[in-house]
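Encoded as C-alpha cells, the structure appears first; notes follow it.
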Amino acid sequence: MSNKLLIVIIFSALLVQGSLAQKVSISLGGGYHFTTSNNSNLPYWENGYIVGLTADHNLSDRFNLFISGSYQKSFFNENLLRLAVPAVVGYRYNINAENSSVYEISIGGRFHTFNSSILKPFFGLGIGALIIMQGKIEMTDWIEGSSGKTTSIYGNTGQNFNEGQVNFGVGTEIQPVNNFVIILDAKFVQSFSGLSYIPITSSIKIGL
C-alpha cells in the first residue's frame, strides 16, 4: 500500500471519528468528472469516475463548514499523444499505458440560498490540495521482420505531483423523508499549476 493511499485512508477515518465526536454530518457518494484543461502533469489523461467523503458542520440554518476527500481515476487517451512516427518502411509501434489517479482534499464552506422542508439549494467555496499519481506510458517499437524491439518510457511519465487547488460548487440537498438526504453537486476545481476539471456527483447524507 502506497504512503499516499494510507494518508487518504487515515484522513477518511478522521472524518468519521470527527463526525461522531462533533455530531456533524457525513456524506458518501460518487459520480463522473470532466477534464476542462490539462497541464504538463496530466497531458494524456481525461475524464473518469470519482468517489468522495464529506463531513460538514452547521453553523446556522444557512451556512456550514465542510472538510472533504475524494479519489478519482482519469482515463488514458492515446489521441492526446504527440507521436512523431518515422517514415520508415516496416516501422511498427505499440503503446501500453496506465490510467492516472488523483486524491483531493478540501476545506471550505457552503451557503444555502433558502431552506425548505424538501429542497435546499447551495453554493460552496473550498481550498485544498491534489495528490496526482500519473500513469506510466510505455512505447515499444520495432521494424517488421526484425526480432529486436525497443521499449522506452514516453514523455517521462509515471511521476507523482502535489498541487494546491481551489474549488467552487453549486448543488442542492433533497430530503424526501425524515433522516434521509440526497445531495446533487457540481463543482469546478482549479489547481495552481493549470489542471482543471468538473466533478458531478450524487451523495447520501447521514448523521443528521
Side-chain angles (χ1 to χ4, degrees), residues 1-15 28-53 68-106 127-167 185-203:
M1 181 181 297
S2 69
N3 291 335
K4 292 182 174 61
L5 181 58
L6 181 60
I7 290 172
V8 172
I9 292 174
I10 293 173
F11 172 78
S12 301
L14 290 174
L15 284 182
L28 178 64
Y32 201 79
H33 73 84
F34 301 90
T35 303
T36 59
S37 175
N38 283 334
N39 69 344
S40 58
N41 291 343
L42 288 178
Y44 315 118
W45 296 265
E46 61 179 5
N47 306 343
Y49 65 84
I50 182 172
V51 292
L53 184 68
S68 66
S70 68
Y71 167 81
Q72 66 188 50
K73 182 72 74 175
S74 295
F75 298 126
F76 171 70
N77 184 350
E78 187 172 344
N79 294 326
L80 297 175
L81 295 179
R82 301 172 181 86
L83 295 176
V85 179
V88 176
V89 176
Y91 177 82
R92 299 289 184 268
Y93 71 90
N94 179 65
I95 299 294
N96 183 27
E98 301 171 337
N99 294 323
S100 293
S101 299
V102 178
Y103 297 91
E104 176 257 334
I105 299 173
S106 292
I127 189 170
L130 300 177
I131 301 172
I132 299 173
M133 303 178 69
Q134 186 188 71
K136 182 171 63 176
I137 302 174
E138 292 183 338
M139 182 175 179
T140 302
D141 58 356
W142 68 94
I143 300 298
E144 193 171 28
S146 172
S147 59
K149 293 185 177 182
T150 302
T151 300
S152 58
I153 303 299
Y154 179 86
N156 199 30
T157 55
Q159 302 187 61
N160 296 336
F161 305 92
N162 299 321
E163 301 182 2
Q165 55 88 10
V166 293
N167 57 80
D185 181 33
K187 67 180 181 180
F188 176 77
V189 181
Q190 177 68 60
S191 78
F192 295 164
S193 66
L195 174 68
S196 62
Y197 59 93
I198 299 175
I200 299 177
T201 61
S202 61
S203 307

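Just so we're clear, the structure is a prediction, and the values are computed from it rather than from any experiment.
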Calculate, to the nearest 0.5 Å, the distance between atoms OG and CG belonging to S203 and D185 respectively. 7.0 Å

Dump the intermediate steps for side-chain contact (heavy atoms from CB on, under 4.5 Å) on I127 and N167, then the final yes or no. CA-CA 6 Å; I127 189 170; N167 57 80; 5.9 Å; no

Once you round to the nearest 0.5 Å, how far does OG1 of T140 lie from OH of Y154? 14.0 Å

What I'd like to find out is whether the side chain of I95 reaches to under 4.5 Å of the side chain of Y44, using heavy atoms alone. no

Return the CG to OG distance between N41 and S191, rounded to the nearest 0.5 Å. 7.5 Å

For the residue pair N99 and S74, confirm or rule out a side-chain donor-acceptor distance under 3.5 Å. no

What distance do Q134 atom CD and Q159 atom CD have between them, rounded to the nearest 0.5 Å? 6.0 Å

Under the side-chain contact (heavy atoms from CB on, under 4.5 Å) rule, collect the residues that match up with V85, sequence neighbours excluded. L83, Y91, Y93

Contact between L195 and W45 at the side-chain level, heavy atoms closer than 4.5 Å - yes or no? no

CG of N162 to CE of M133: how many Å apart, nearest 0.5 Å? 10.5 Å

Check the pair N94, D141 against side-chain contact (heavy atoms from CB on, under 4.5 Å), reporting the backbone distance first and the verdict last. CA-CA 6 Å; N94 179 65; D141 58 356; over 6 Å; no

side-chain contact (heavy atoms from CB on, under 4.5 Å) partners of Y32, counting only residues at least two apart: F34, N47, F75

Does a side-chain heavy-atom distance below 4.5 Å link S100 with F76? no

Any heavy-atom pair between the side chains of F192 and E163 that's under 4.5 Å? no

Less than 4.5 Å apart, any side-chain heavy atom of L42 and any of I132? yes

So, do T201 and I50 sit near enough that their side-chain heavy atoms are less than 4.5 Å apart? yes

Going by heavy atoms in the side chains, are V51 and L28 under 4.5 Å from each other? no

Please tell me if the side chains of Q165 and S106 come closer than 4.5 Å, counting only heavy atoms from C-beta onward. yes

Could you tell me the separation between the OG1 atom of T36 and the CD1 atom of I198, rounded to the nearest 0.5 Å? 5.5 Å

Could you go through the side-chain contact (heavy atoms from CB on, under 4.5 Å) check for L130 and Y103 one step at a time? CA-CA 6 Å; L130 300 177; Y103 297 91; over 6 Å; no

Would you call K136-E98 a salt bridge at under 4.0 Å N-O? no

Can you pull the salt bridge (charged side-chain N to carboxylate O under 4.0 Å, His left out) pairs that have at least one residue in residues 191-200, sequence neighbours excluded? none

Is K187 paired with E104 through a side-chain N to carboxylate O contact shorter than 4.0 Å? yes

Compute whether any side-chain donor of one residue and acceptor of the other, for E46 and T35, lie under 3.5 angstrom apart. no

